[in-house]
Amino acid sequence: MSTHRSNWGRWGASDERGALNLLTPERVLAALQLPRTGKTYGLSIPIQRSGVPNLDYRGAPQRLTLTNHDDEAMARANGGAPGVGANEDQLIIPSHTSTHMDALCHVYADGKIYNGFPAEGMTPYLGADKCDITQVGGIAGRGVLIDVAASKGEDPLPAGYVITAADLQQALEAQGVELQTGDMVLIRTGWMEDYLKNQGQQMPQPGIGREAARFLAEQDVALVGSDNAAVEPIPFDENVYLGGHIILLVEHGIHLVENMNLSELAADRCYEFLLSIGALKVTGATASPVTPVAIG
């Protein structure tokens with residue numbers, strides 16, 4: 001258990017990776033021993049204009065057909081045969097779209113992001129000068145599902161429900177799982193499955209409260225993900241705007257993955273697994289769409 005009230009300076013004054021530093025080669029090698037069935041789980045939701053939770057102010061993702069090279073002139077110019085061509089797309093998407101990872105530069109408090117870097121390092125065209133998504137690199141390690149919805153017998157959890165530390169501990173005990181340093185913790189509220197099935201209202205949403213965020217930071221986890229839009233609840237716990245983000249991203253350098261699809265893991269009661277995540281290396285970006293893959 002960590003005794004750090006903040007992780008600023010823990011891995012040096014110039015550190016931009018935060019709690020991902022806990023994913024040491026030794027812990028990654030240990031995680032390779034976890035899979036028992038070899039079954040793979042894709043933990044992302046589709047990127048599309050409708051039918052998935054898109055926030056209006058970000059704009060809906062756009063996939064546009066860029067080219068269709070099936071014409072005789074193109075074929076002749078390039079030595080090909082008529083009827084042979086290629087299709088391409090142009091993607092116009094917010095970095096915080098569908099299943100995505102928040103970079104440590106995403107949220108600031110008291111004018112500072114993680115490790116005390118000034119929030120003014122974000123500019124319109126260059127983006128973040130510190131803690132952007134390119135700092136993430138390749139991620140692999142022990143993943144742990146905490147199925148709070150199943151533990152409480154409310155699937156999904158009620159709209160706006162604030163998950164407590166006791167809720168997390170109760171679910172872990174029911175699953176027979178203990179958290180370890182460097183774990184990547186995925187929290188299931190059941191909200192995403194309900195939304196995708198019923199196309200209901202996006203707000204309010206259940207999520208972890210500030211106390212639960214502090215509990216996870218104390219457990220020295222490397223990353224926190226959830227099947228809702230903000231990991232924390234909306235409306236925000238105790239009416240503190242971005243309170244969970246401040247505790248996890250800003251104070252402890254713990255990356256967040258939002259809008260995850262945890263239904264299949266939960267159905268199989270796969271609570272411990274090898275988890276791998278790769279983010280797009282978009283220079284200066286505050287986030288990236290991701291497709292986390294679990295191997296059970």
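The shown structure was predicted, so the numbers you read here are calculated from the model rather than taken from an experiment. What's counted below: heavy atoms across the whole structure, side chains too, no hydrogens, waters or symmetry copies.
- Defined by atom type and a distance below 3.5 Å, a donor-acceptor pair is present between the side-chain atoms of Asp227 and Thr189.
- Proximity of Asn261 to Thr99: side-chain heavy atoms (C-beta onward) are nowhere separated by under 4.5 Å.
- Pairs of residues two or more places apart, or lying in two chains, that qualify as side chain to side chain donor-acceptor pair (under 3.5 Å) and include a residue from residues 274-286 are His96-Thr286.
- Not counting sequence neighbours, the partners of Arg210 by the side chain to side chain donor-acceptor pair (under 3.5 Å) test are Glu238.
- Val293 and Leu23 fall into different hydrophobic clusters, where Ile, Leu, Val, Met, Phe, Trp and Tyr are joined by side-chain heavy atoms under 4.5 Å apart, directly or via other members.
- The main-chain N or O of Pro25 is never found under 3.5 Å from a side-chain atom of Arg27 such that the two would form a donor-acceptor pair.
- Distance alone, capped at 3.5 Å, places no donor-acceptor pair between the Gln90 side chain and the Leu66 backbone.
- You'll find the side chain of Met122 stays beyond 4.5 Å of the side chain of Tyr108, heavy atoms only.
- Checked by atom type and distance alone, the side chain of Gln48 pairs as donor or acceptor with a backbone atom of Ser50 at under 3.5 Å.
- Counting heavy atoms from C-beta on, the side chains of Pro158 and Pro206 never come closer than 4.5 Å.
- Residues Leu216 and Ile187 have side chains in contact (heavy-atom distance under 4.5 Å, counting atoms from C-beta outward).
- Within the structure, ring-ring contact (aromatic ring centres under 6.0 Å, His included) pairs that include any residue of residues 181-211 comprise Trp191-Tyr195 (at least two apart or interchain).
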Side chains of residues 110-118: which donor-acceptor partners sit under 3.5 Å, not counting sequence neighbours?
| from | atom 1 | to | atom 2 | distance (Å) |
| --- | --- | --- | --- | --- |
| Tyr114 | OH | Asp15 | OD2 | 2.7 |
| Asn115 | OD1 | Gly9 | N | 2.7 |
| Asn115 | ND2 | Gly12 | O | 3.1 |
| Asn115 | ND2 | Ala13 | O | 3.4 |
| Asn115 | ND2 | Asp15 | O | 3.0 |

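- Within 6.0 Å of the CD atom in Glu173, the count of heavy atoms belonging to other residues, nucleotides or ligands does not exceed 12.
- In this structure, Arg269 places its CZ atom where only 12 or fewer heavy-atom neighbours from other residues, nucleotides or ligands lie under 6.0 Å away.
- Cluster annotation: Val177 is connected to Leu262 through the hydrophobic network of ILVMFWY side chains, with a link wherever side-chain heavy atoms come within less than 4.5 Å.
- Rounded to the nearest 0.5 angstrom, Leu22 CG and Gln180 CD are separated by 12.5 Å.
- Residue pairs meeting the side chain to side chain donor-acceptor pair (under 3.5 Å) criterion with at least one member in residues 196-208, sequence neighbours excluded, are Asp194-Asn198.
- Within a 6.0 Å sphere centred on CG of Asp89, other residues, nucleotides and ligands contribute more than 12 heavy atoms.
- Few gaps surround OH on Tyr41; more than 12 heavy atoms of other groups in view lie less than 6.0 Å from it.
- Put simply, Val185 and Leu274 are part of two different groups of oily side chains (I, L, V, M, F, W, Y) that touch within less than 4.5 Å, one to the next.
- In terms of modelled atom types and a separation under 3.5 Å, the side chain of Asn259 and the main chain of His100 share no donor-acceptor contact.
- Note on Ile295: it does not cluster hydrophobically with Tyr271, by side-chain heavy-atom contacts below 4.5 Å among ILVMFWY residues.
- A side-chain donor-acceptor contact under 3.5 Å links Asn21 to the backbone of Gly18.
- Annotation: side chain of Leu157 is in contact with side chain of Lys152 (closest heavy-atom distance under 4.5 Å).
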Which pairs would a plain distance check flag for residues 131-150, meaning a side-chain donor or acceptor within less than 3.5 Å of a matching protein atom at least two apart in sequence or in another chain?
| from | atom 1 | to | atom 2 | distance (Å) |
| --- | --- | --- | --- | --- |
| Asp132 | OD1 | Thr134 | N | 3.3 |
| Asp132 | OD1 | Thr134 | OG1 | 2.7 |
| Asp132 | OD2 | Thr134 | OG1 | 3.2 |
| Asp132 | OD2 | Gly284 | N | 2.6 |
| Arg142 | NH1 | Glu178 | O | 3.2 |
| Arg142 | NH1 | Asp183 | OD1 | 3.2 |
| Arg142 | NH1 | Asp183 | OD2 | 2.6 |
| Arg142 | NH2 | Glu178 | O | 3.4 |
| Arg142 | NH2 | Glu272 | OE1 | 2.5 |
| Asp147 | OD1 | Ala150 | N | 3.1 |
| Asp147 | OD1 | Arg188 | NH1 | 2.8 |
| Asp147 | OD2 | Arg188 | NH1 | 3.4 |

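- Between the CD1 atom of Ile247 and the OG atom of Ser6 there is a distance of 12.0 Å, given to the nearest 0.5 Å.
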